[in-house]
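Everything on this sheet refers to the single structure shown next.
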Amino acid sequence: MATNLLLLPGDGIGPEVMAQVERIIAWFNDNGADFATETDLVGGAAYESHGQSISDETMEKAIAADAVIFGAVGGAQWENIGYEVRPEAGLLRLRKDMGLFANLRPAVCFDQLADASSLKRELVEGLDILIVRELTGGVYFGEPRGITDLGNGQQRGVNTQVYDTYEIERVVRVAFELAKVRDSRVMSVEKHNVMESGLLWKDVATKVHAEEYADMTLEHMLADNCAMQLVRTPKQFDVIVTDNLFGDILSDIAAMLTGSLGMLPSASLGAEKDGKLPALYEPVHGSAPDIAGKGLANPIATILSFGMALKYSFKMTDEAKMLEEAIQNVLESGLRTGDIARGDEAICSTSEMGDAILAEMNKLK
Ligand code: IPM
Ligand code: MG
């Protein structure tokens, strides 16, 4: 039976980078895999078509699919509409309704790109860290939220940072499970010095460690210090586990260490049930409206996200490795999209990058 992928290209550069992933999927199908794809609308594209950033019908397809591959959402034209219908709401609903509580954001510095980082080569060379971000809780979803009128010419904006024990336990477990096949070190990050939710986070992480993973290492760090340490000595980290908002911020910092946001994939995973793992794969970069439609976007983050799908959803580890190797070889050859080029280096288009990766796959197969 075919493996069903739902492709949600979204807005901005989303469709351009997804087009390259579709070529990679076709390549795997030509070489013995059996992926069936369906493409649907999300974000601003969905809003323009039916006034919602994701329809109920698309949500049903996402839940039924074996994996969702997501592009990007958002753009200036949708800045002034309500939060419920904004492009980002489509992504947040996918995360919430699919139960994708664990967001894996690896920050790996490809040797060939160490000079594209804003940090010195020796700080980032060989960098391989993994941020596990809680994705369905915290201030992103906490109630109460909203803007109320105080009646005295003032308004009040409210969001709520809230975590229950089980939400912390399950994401901390994911971090330890992933650390097992890495360097067995987990850094739990919160702000218990000012936030009760951070204090609970720290206590629960400590308990999960003591009861289930005592043979591994758990350390704690305050989120502001972690931001600083990430640009000071990033290689000190193995796995970082943190809440939704801190994870959002820290993963953008980590991403930049590797040279470009255009290189970073992510996986959002839920709890496996009846042999089915809810999963969505997306590049960490956004919709990049400034370069959208120009064929300049780097498709590697989205292609590597599909690689994470091969690894986590389909247990096609060898194929995932091969895809990574193909990308490394292409980088080795000197081919660069604008985001990873330095100075006056020549730049290639989105589809030329796709061509080169496919050509490399043909050599490696
Ligand atoms: C991310 C993005 C999203 C987030 C936006 C698009 C809602 O920044 O995935 O990091 O804040 O989670
Ligand atoms: Mg973000």
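Just so you know, ligand 1 is whichever comes first in the structure, and atom 1 is the first atom listed for that ligand. Values below: all heavy atoms of this structure, side chains included; hydrogens, waters and symmetry mates excluded.
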Should R23 and D355 count as an ion pair when the cut-off is N to O under 4.0 Å?
yes
Listing residue and atom name, which protein N/O/S atoms are closer to the Mg ion (ligand 2) than 2.8 Å?
D248 OD1
Does the Lys NZ or Arg CZ of K96 fall within the cation-pi geometry relative to F141 - under 6.0 Å from the ring centre and within 45° of the axis?
yes
Is the distance between the ring centroids of F101 and Y166 under 6.0 Å?
no
Please table the atom pairs, donor to acceptor, closer than 3.5 Å between any side-chain atom in residues 310-319 and protein atoms at least two apart or in another chain.
residue : atom : partner : partner atom : Å
S313    : OG   : Y281    : OH           : 2.6
K315    : NZ   : Y312    : O            : 3.0

Should K207 and E211 count as an ion pair when the cut-off is N to O under 4.0 Å?
yes
Pairing donors with acceptors under 3.5 angstrom, does anything connect the side chains of D248 and Y140?
yes
Taking only Lys NZ, Arg NE, NH1 and NH2, and the carboxylate oxygens of Asp or Glu, determine whether R182 and D128 approach each other closer than 4.0 Å.
yes
Donor-acceptor pairs under 3.5 Å, side chain of residues 74-89 to any protein atom, not counting sequence neighbours: which ones?
residue : atom : partner : partner atom : Å
W78     : NE1  : E48     : OE2          : 2.5
R86     : NH1  : E79     : O            : 3.2

With a 4.0 angstrom cut-off on heavy atoms, strictly below it, pick out the residues next to ligand 1 and order them by chain and number.
E88, R95, R105, R133, Y140, D248
Would a 4.5 Å heavy-atom cut-off, applied to side chains only, mark S266 and P283 as touching?
no
